[in-house]
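One structure below.
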Amino acid sequence: MQQSAFTKKLMHWNEVDNNRPMPWKGETDPYKIWLSEIILQQTQVKQGWGYYERFISNFPTVQDLAAAKDEAVFKLWEGLGYYNRCKNLLTSARFITKELNGKFPNTYDDIVGLKGVGPYTAAAIASFAFNLPYAVVDGNVFRVLARVFGIDTAIDSTKGKQQFTKLANKVLDTNQPGIYNQAIMDFGATMCKPFAPQCHICPLQSTCVGYQKGSVNLLPIKEKVLTKKSRWLYYFVIECGGKTLVHKRTANDIWQSLYEFYVLEANEQQDWTKTQVQQWFQQQLNVSDVALISVSPLQKQQLTHQLIKGQFISVKIDAIPKTLAHYEWVNNSDIHTLAFPKFINQYLETPTAQGQLF
DNA sequence: AATGCGGGGGT
DNA sequence: ACCCCAGCATT
């Protein structure tokens with residue numbers, strides 16, 4: 001098949017000007033490629049780099065990952081966000097190990113059937129590990145193609161996804177799909193950047209429709225608007241006999257599979273005086289003897305769709321109250337083996353943020 | 001088709 | 001403040 005001018009120029013740039021090292025570059029082990037791609041979903045290379053190295057070091061093979069304890073894997077993922085990626089990673093590692101005898105699937109259809117693997121990740125694995133001709137379509141590819149070909153179809157619409165996927169596969173270098181896919185993403189990340197693209201030294205300048213029309217900084221188009229909401233989470237860090245009360249989040253909500261302390265969610269800000277804490281414990285847990293240790297200052301955490309605000313109220317009690325469904329008492333020395341959201345780790349790791357002591 | 005999921009980094 | 005990042009699952 002004849003290559004487009006775009007493809008030729010991109011591949012030439014890749015040969016002479018692309019110097020972007022990454023720990024998984026040139027890797028051919030499908031397990032390692034898969035792991036790197038899951039880590040990199042909606043995550044910048046710089047942020048995922050260290051996580052990849054720690055995962056490979058701890059779990060060199062898919063069998064090692066499949067055999068690991070859930071908590072250990074989540075602890076390693078802690079801080080990376082989008083925790084369902086980690087849950088699906090474990091599900092797929094165990095599926096490959098048990099159902100496929102450890103043999104990683106080697107067709108696009110079988111790869112895309114894995115939990116946590118969608119069109120982008122399947123194309124990446126298929127091309128990098130098996131040299132199959134599937135074009136990746138990620139944020140970089142949307143941006144590069146929208147600008148170079150001057151396409152103003154919204155990339156977050158069904159029509160846009162179809163249009164860009166079709167074009168991406170049309171300009172794919174089918175002789176070396178892996179190298180091409182790596183090249184277009186590197187090009188998007190280093191030259192055709194979201195902000196301050198390097199048009200003045202770009203080898204595609206003369207054929208770039210966006211550059212000719214002066215619309216580079218308007219592309220790509222998105223049509224959906226982000227809505228945000230505020231939540232107040234009040235955490236009671238309850239200690240009793242060297243143990244602390246924790247809960248694994250399971251609800252259809254943020255931080256699924258991570259741990260938290262006893263939580264009270266409110267629709268608005270609340271004050272926590274010593275009297276109010278004592279009243280709350282009496283009403284909620286039927287505990288009357290509460291030693292209030294500290295109340296933290298107001299803490300905030302900005303998520304993509306939510307602004308989390310809240311405080312940490314640390315107390316000690318003498319006797320374990322009535323059984324609390326879905327909560328468990330964990331030895332204080334074991335708390336560090338559990339994965340917590342950043343909102344909670346901020347509190348745990350910053351003693352000075354404990355606030356008012358009682 | 002629409003919604004929601006984290007945390008880091010840039011402007 | 002707002003946007004983006006090697007997207008995906010769910011409804």
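Within every chain, numbering begins at 1; the chains are lettered A, B, ... in the order of the sequence lines, protein sequences first and strands thereafter.
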Does a side-chain N or O of [X] approach OP1 or OP2 of [N] to a distance below 4.0 Å, or not?
| X | N | result |
| --- | --- | --- |
| A:Tyr83 | B:dG7 | yes |
| A:Arg143 | C:dC5 | yes |
| A:Lys300 | B:dG7 | no |
| A:Asn84 | B:dC5 | no |

Taking atom types as they are modelled, is there a donor-acceptor pair under 3.5 Å from the base of B:dG6 to the side chain of A:Thr43?
yes
Do any of residues 72-80 of chain A sit with a heavy atom less than 4.0 Å from DNA chain B, and if so which?
A:Gly79, A:Leu80
Any side-chain donor-acceptor pair under 3.5 Å between [X] and [Y]?
| X | Y | result |
| --- | --- | --- |
| A:Ser215 | A:Arg147 | no |
| A:Gln306 | A:Arg231 | yes |
| A:Lys32 | A:Thr61 | no |
| A:Asn181 | A:Ser127 | yes |
| A:Asp271 | A:Gln276 | no |
| A:Asn88 | A:Thr91 | no |

Could you tell me the separation between the [atom1] atom of [X] and the [atom2] atom of [N], rounded to a whole number of Å?
| X | N | atom1 | atom2 | result |
| --- | --- | --- | --- | --- |
| A:Gln41 | C:dG7 | CD | P | 7 Å |
| A:Gln301 | B:dC5 | CD | P | 13 Å |
| A:Lys115 | C:dA9 | NZ | P | 7 Å |
| A:Lys161 | C:dA9 | NZ | C1' | 12 Å |
| A:Gln47 | C:dC5 | CD | P | 14 Å |
| A:His305 | C:dG7 | NE2 | C1' | 13 Å |
| A:Asp156 | B:dG4 | CG | P | 15 Å |
| A:Ile155 | B:dA2 | CD1 | P | 15 Å |

What's A:Gln306 touching, base or sugar-phosphate or nothing? Going by heavy atoms closer than 4.0 Å.
sugar-phosphate
Indicate, with a heavy-atom threshold strictly under 4.0 Å, whether A:Val141 touches base, sugar-phosphate, or nothing.
nothing
When the nearest nucleotide of DNA chain C is assigned to A:Leu114 and to A:Pro220 on a heavy-atom basis, which residue is associated with the more 5' position?
A:Pro220
So ring-ring contact (aromatic ring centres under 6.0 Å, His included) across residues 153-183 of chain A, not counting sequence neighbours, yields A:Phe142-A:Phe164
What distance, rounded to whole Å, do you find between the two [atom1] atoms, one in [N] and one in [M]?
| N | M | atom1 | value |
| --- | --- | --- | --- |
| B:dG10 | C:dA6 | P | 13 Å |
| C:dC4 | B:dC5 | C1' | 16 Å |
| C:dC3 | B:dG6 | C1' | 15 Å |

Between [range] and DNA chain C, which residues have a heavy-atom gap below 4.0 Å?
| range | answer |
| --- | --- |
| residues 33-40 of chain A | A:Glu37, A:Leu40 |
| residues 120-133 of chain A | A:Tyr120, A:Thr121 |
| residues 244-267 of chain A | none |

Co-members of the apolar cluster containing A:Val225 [side chain, <4.5 Å]
none
When Ile, Leu, Val, Met, Phe, Trp and Tyr are grouped by side-chain heavy atoms lying under 4.5 Å apart, directly or through other members, which residues fall in the same group as A:Leu219?
A:Ile221
Quick check for you: among [options], whose closest atom lies nearest to any side-chain atom of [X]?
| X | options | result |
| --- | --- | --- |
| A:Pro341 | B:dG7, C:dG7, C:dA6 | B:dG7 |
| A:Leu303 | C:dC8, C:dA6, B:dG6 | B:dG6 |
| A:Lys224 | C:dC4, B:dT3, B:dG7 | B:dT3 |

Passing option when A:Tyr259 is tested against A:Glu71, A:Glu78, A:His247 for side chain to side chain donor-acceptor pair (under 3.5 Å):
A:Glu71
Test of understanding: with ring pair (Phe, Tyr, Trp, His ring centres under 6.0 Å), list the residues that count as partners of A:Phe358, not counting sequence neighbours.
none
Checking A:Arg54 against A:Tyr51: charged group under 6.0 Å from the ring centre and within 45 degrees of the axis?
yes
Counting the benzene-type ring for Trp, do A:Phe236 and A:Phe281 have ring centres under 6.0 Å apart?
yes
Which label fits A:Tyr134 and A:Tyr108: parallel for a plane angle under 30°, tilted from 30 to 60°, or perpendicular past 60°?
parallel
Which dot-bracket string describes DNA chain B (Watson-Crick N1-N3 plus N6-O4 or O6-N4, or G-U N1-O2 and O6-N3, all under 3.5 Å; [ ] crossing; | other strand)?
|||||.|||||
May I ask you to decide if A:Thr153's main-chain N or O and A:Ser157's side chain share a donor-acceptor pair within less than 3.5 Å?
no
Determine whether a donor-acceptor pair (N or O, by modelled atom type, separation under 3.5 Å) exists between the side chain of A:Thr165 and the backbone of A:Lys161.
yes
Knowing that exactly one of A:Leu114, A:Val117, A:Val112 qualifies, which makes a side-chain contact (heavy atoms from CB on, under 4.5 Å) with A:Pro105?
A:Leu114
Ranking A:Phe340 and A:Glu223 by the position along DNA chain B of their nearest nucleotide, the one closer to 5' is A:Glu223
Nearest-nucleotide wise, let me know which of A:Lys342 and A:Ser157 is further upstream toward the 5' end of DNA chain B.
A:Ser157
Residue list, side chain to side chain donor-acceptor pair (under 3.5 Å) with A:Ser36, at least two apart or on another chain
none
Quick one: list whatever passes side chain to side chain donor-acceptor pair (under 3.5 Å) with A:Thr28, sequence neighbours left out.
none
Please determine whether ring-ring contact (aromatic ring centres under 6.0 Å, His included) holds for the pair A:Phe104 and A:Tyr31, giving the CA-CA distance in whole Å, both sets of side-chain angles, and the decisive distance to 0.1 Å.
CA-CA 7 Å; A:Phe104 207 96; A:Tyr31 162 67; 7.8 Å; no
Between the protein and nucleotides 9-11 of chain B, are there any N/O to N/O pairs under 3.5 Å, and if so, what are the atom names and distances?
none

May I have the step-by-step check of ring-ring contact (aromatic ring centres under 6.0 Å, His included) for A:Phe187 and A:Trp13, ending in yes or no?
CA-CA 8 Å; A:Phe187 183 78; A:Trp13 169 84; 5.2 Å; yes
